[in-house]
J.: 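Okay, handing you the structure first.
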Amino acid sequence: MAKAALARVSPLLIAEPNEEGTNLLIATGLVKGDARFTSVRAKTLMARCHKAFKPFDESEAMKIIDGRNEYLHSSGAGFMAIPPHAWWPRYWAQAAILITALDRDIDELVGRDRESVVLKHLEQRTKNIEQRAEALLERAKQRRQQWLDGTLPTKIAAEWKNGQQLSATMAHSEAATCPACGSTGLLEGDEVVDEEIHYPSALSYAEEDSWGDGSVTLTIEAAYFSCPGCQLILNGYELLKQVELNILFEVEGDIDQYIGQEPEYGND
């Protein structure tokens with residue numbers, strides 16, 4: 001489904017590039033005949049779907065694929081070790097996003113007699129996320145109160161981490177209010193989803209190699225939150241959305257990476 005969803009946008013998105021460009025030429029329809037088309041690897045497909053079809057989760061999809069491969073190609077149990085009632089909601093949560101990207105409905109894939117089963121799995125997935133988020137918030141509140149009261153167990157107190165230790169060290173971050181205790185936590189993300197370039201005015205150049213009042217604003221997709229005040233960690237889009245933290249945030253980018261760079265040319 002991932003391959004079909006990307007190919008629906010453009011066949012170029014699934015073509016494995018090579019020096020001769022054969023796969024890209026086939027994808028554009030310029031090469032016919034006996035030429036063989038090779039598509040990109042599963043990991044690349046999942047990464048591209050993650051960027052193209054929100055809120056598709058690349059990490060979750062790869063866990064499903066790895067479990068399948070372990071079951072089929074090795075002696076491991078793979079996804080068979082996970083109870084069906086736990087595995088199917090995870091699978092359909094990602095599959096439903098790709099079905100939507102294909103402009104199709106679930107019943108077109110599984111038939112009307114099985115549609116209700118899939119919908120129950122999706123409902124269960126939603127409930128699981130709600131329960132997980134609630135449990136994490138309540139436990140964080142409890143830890144915070146124990147810390148304030150001086151009743152925190154010695155073992156847990158010894159494991160208490162500061163903000164730097166809790167951080168996922170992602171490329172971008174901003175301060176955010178903790179949904180559990182109200183302290184200042186850290187919202188982090190790696191993926192840049194938008195760039196807004198503010199070009200410098202002609203009179204703002206202070207000196208050579210300076211961009212004056214020029215700037216770049218980057219919009220980042222959040223993927224992780226941590227709070228040193230109560231030790232809360234929320235890892236992943238679904239949990240952040242469930243507790244109503246900002247899914248997107250803005251940071252200042254390096255203007256030198258966006259303007260004034262000389263284009264690179266090949267030597268051939």
J.: For Asp107, is there an ion pair with Arg114 - N to carboxylate O distance below 4.0 angstrom?
T.: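 No, Arg114 and Asp107 are not salt-bridged.
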J.: Does a side-chain heavy-atom distance below 4.5 Å link Phe56 with Met46?
T.: yes
J.: Take a 6.0 Å sphere around CD of Gln165 and say whether it holds more than 12 heavy atoms from other residues, nucleotides or ligands.
T.: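 Enclosed.
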J.: Just jot down the side-chain hydrogen bond (donor to acceptor under 3.5 Å, both in side chains) partners of Glu188, sequence neighbours excluded, or say none.
T.: Ser167
J.: Is there side-chain contact between Thr217 and His198, with heavy atoms separated by less than 4.5 Å?
T.: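 In contact.
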J.: Got a sec, which hydrophobics cluster with Leu186, joining ILVMFWY side chains under 4.5 Å apart, including via others?
T.: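 Members besides Leu186: none; it forms no cluster.
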J.: Verify the distance criterion only: is there a donor paired with an acceptor across the side chains of Glu191 and His50 at less than 3.5 Å?
T.: yes
J.: Remaining members of Val117's ILVMFWY cluster at a side-chain heavy-atom cut-off under 4.5 Å?
T.: none
J.: Holding to ring pair (Phe, Tyr, Trp, His ring centres under 6.0 Å), I want the full list of residues that pass it with Phe249, two or more places apart in sequence or in another chain.
T.: none
J.: I'd like to check the side-chain hydrogen bond (donor to acceptor under 3.5 Å, both in side chains) partners of Glu123; sequence neighbours left out, ordered by chain and number.
T.: none
J.: Could you work out the complete set of other residues in the hydrophobic cluster of Leu24, with links drawn between I, L, V, M, F, W and Y side chains under 4.5 Å apart?
T.: Leu12
J.: Looking at side-chain heavy atoms only, is the closest gap between Val9 and Phe53 below 4.5 Å?
T.: yes
J.: Side-chain donor-acceptor pair under 3.5 Å between Gln142 and Arg139, yes or no?
T.: yes
J.: Would you check if Cys227 and Leu166 make a side-chain contact, meaning some heavy-atom pair closer than 4.5 Å?
T.: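 Result no, sub-4.5 Å side-chain heavy-atom pair not found.
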J.: Is the Tyr91 ring parallel, tilted or perpendicular to the Trp87 ring (thresholds 30°, 60°)?
T.: parallel
J.: May I ask you to decide whether Glu130 forms a salt bridge with Lys127, counting only side-chain N to carboxylate O separations under 4.0 Å?
T.: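 A salt bridge is absent here (no side-chain N lies under 4.0 Å from a carboxylate O).
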J.: Could Arg132 and Glu238 be called an ion pair, given the rule that one side-chain N must be under 4.0 Å from one carboxylate O?
T.: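 A salt bridge is absent here (no side-chain N lies under 4.0 Å from a carboxylate O).
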